[in-house]
Each structure stands twice: as C-alpha cells, then as structure tokens.
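Have a look at the structure below before the remarks.
As a basis for the values below, the full set of heavy atoms in this structure was taken, side chains included, without hydrogen atoms, waters or symmetry mates. Residue numbers start at 1 and run along the sequence shown.
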Amino acid sequence: MSANNAKIQAVIETTFNSAINKLAANEAGNCYSDLYVQVDAESGELLIYDEEDALVEKTIIFDWVNTTCDDDKFTQQVSATLKAVLAVLVTKKVFDNPCFLKPFSVSLTDEDFSVIEELLFLDDENLRLDDPLLKDLDADLDDFLAKLLSDVK
C-alpha cells in the first residue's frame with residue numbers, strides 16, 4: 001500500500017456511490033440489508049455484491065495490484081481503508097435510502113462469500129458493543145467502580 005490513501009479512498013467512495021445508485025435505481029423494487037465486498041490482491045480488483053451474490057460494481061485499485069505485503073496485513077490495511085470510506089458515506093447519509101433495510105451491514109468476504117470481517121453495521125434500534133463509541137466502556141466502568149468502592153474495605 002502506498003501513501004495515496006486519499007486517492008484510494010476517493011476511488012472507493014466513488015465505486016460505492018455508483019453501486020448504491022444502481023441499487024436504488026433498481027426497477028424491481030428490491031430492498032437490501034447486506035452488501036458484500038471482495039478484494040483481489042493480485043489484480044487489485046474491488047468488487048461489490050448485493051445480498052443475492054450478484055455483482056453490482058467493480059473497480060481496480062492500482063496501488064493494490066501485486067502488493068508485496070502478506071495476505072493478513074493486506075486484509076487489515078484494506079479493511080481499515082474500507083471502514084474509513086464507509087464511515088464517510090454514513091456521515092453523508094447515503095445508506096438512508098429506502099432501498100436499504102435496517103439492520104444493514106457491509107461485510108468483507110472471500111471469493112466463496114465467507115465473511116472475513118464486518119465493515120459496517122447500521123441499525124436504528126440496536127447499539128452494537130463493538131461500536132467505536134463504546135470502545136473503552138469496559139475500562140471506564142472498571143475505573144468508576146474502583147473509585148466508587150475505594151472507601152469500602
């Protein structure tokens with residue numbers, strides 16, 4: 001991966017916007033609760049599939065072609081980049097389209113559609129414990145309890 005992260009994120013954001021526009025313009029009136037993303041380190045392809053495993057959009061990220069890092073590190077870097085792009089898209093409210101049902105998720109998968117990592121989870125009614133807002137909740141609660149019970153021996 002190179003230092004062109006801003007350019008890579010812009011290309012990925014454009015690709016997601018294109019996929020979302022295609023799904024929203026679907027004349028069949030389908031609603032979606034899942035999207036799947038696949039990446040290929042050899043070809044640099046980024047593929048976005050709907051929940052019926054139909055290809056919606058694809059692009060090539062040339063910085064990913066024949067990357068020299070190992071598969072796990074590549075997957076971690078790609079995952080972090082995709083999460084950053086999806087966070088931007090959430091703030092732009094692109095997933096508020098009526099064609100997306102809640103709970104809604106975007107997952108990174110392998111070529112067999114086995115989920116490697118969940119990149120995004122949106123639900124109006126439920127709050128996930130792995131949400132970044134709750135990242136240090138456990139440590140904060142432990143500190144609070146320790147302070148509260150410090151005079152009780």
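Two residues are said to be in side-chain contact when any heavy atoms from C-beta on lie closer than 4.5 Å; N5 and I8 meet this criterion. Contact check for L35 versus L23: side-chain heavy atoms found under the 4.5 Å cut-off. Side chains of W64 and L46 form a contact here, defined as non-hydrogen atoms less than 4.5 Å apart. Between I61 and T81, every side-chain heavy-atom pair lies at or beyond the 4.5 Å cut-off. In this structure the side chain of F95 reaches within 4.5 angstrom of the side chain of L120, judged on heavy atoms.
The environment of NZ in K7 is sparse: at most 12 heavy-atom neighbours from other residues, nucleotides or ligands sit within 6.0 Å.
How far CD1 of I20 is from CG of N97: 8.5 Å, rounded to the nearest 0.5 Å. Separation of atoms NZ (K102) and CG (D123) is listed at 8.0 Å; rounding is to 0.5 Å. Taking CG of D34 as the start and CZ of F121 as the end, the distance is 9.5 Å to the nearest 0.5 Å. Rounded to the nearest 0.5 Å, atoms CD (Q38) and CD1 (I116) are 8.0 Å apart.
Through direct or indirect side-chain contacts shorter than 4.5 Å among Ile, Leu, Val, Met, Phe, Trp and Tyr, L55 is connected to Y36, L47, Y49, F113.
The shortest non-hydrogen separation linking S107 to V115 is CB-CG1, 4.0 Å. Contact between P98 and C31 at its shortest, heavy atoms only, is O-SG, 4.1 Å. The shortest heavy-atom contact between P103 and S33 is O-CB, 3.5 Å. The two atoms that bring N30 and C99 nearest to each other are O-CB, 4.0 Å, heavy atoms only. Scanning both residues, E42 and V65, for their nearest heavy atoms gives O-CG1, 3.5 Å. The two residues F16 and L82 have their closest heavy-atom pair at CE1-CD2, 4.1 Å.
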Using the side-chain contact (heavy atoms from CB on, under 4.5 Å) rule, take V39 and F74 through it: C-alpha gap first, then chi angles, then the decisive distance, then the call.
CA-CA 10 Å; V39 293; F74 176 75; 4.0 Å; yes
Quick one, T59 with I48, criterion side-chain contact (heavy atoms from CB on, under 4.5 Å). Give me CA distance, side-chain angles, the key distance, then yes/no.
CA-CA 9 Å; T59 191; I48 302 173; over 6 Å; no
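No donor-acceptor distance shorter than 3.5 angstrom exists from the side chain of E45 to the backbone of I60, with no hydrogens or angles considered. S18 places no side-chain N or O within 3.5 Å of a backbone atom of T14 that could act as its donor or acceptor partner. Under a 3.5 Å cut-off, the side chain of D70 and the backbone N or O of K73 do form a donor-acceptor pair. Judged by distance alone, the side chain of D110 and the main-chain N or O of D112 form a donor-acceptor pair under 3.5 Å. Counting only distance, with no hydrogens or angles, the side chain of E118 and the backbone of S105 share no donor-acceptor pair below 3.5 Å.
Residues V85 and V90 share a single hydrophobic cluster, defined by chaining ILVMFWY side chains whose heavy atoms lie under 4.5 Å apart. Placement of V88 and I12 in two distinct hydrophobic clusters is found when ILVMFWY residues are connected by side-chain heavy-atom separations under 4.5 Å, directly or transitively.
Applying the salt bridge (Lys or Arg N to Asp or Glu O under 4.0 Å) test to E117 and every residue at least two apart in sequence or in another chain returns K83.
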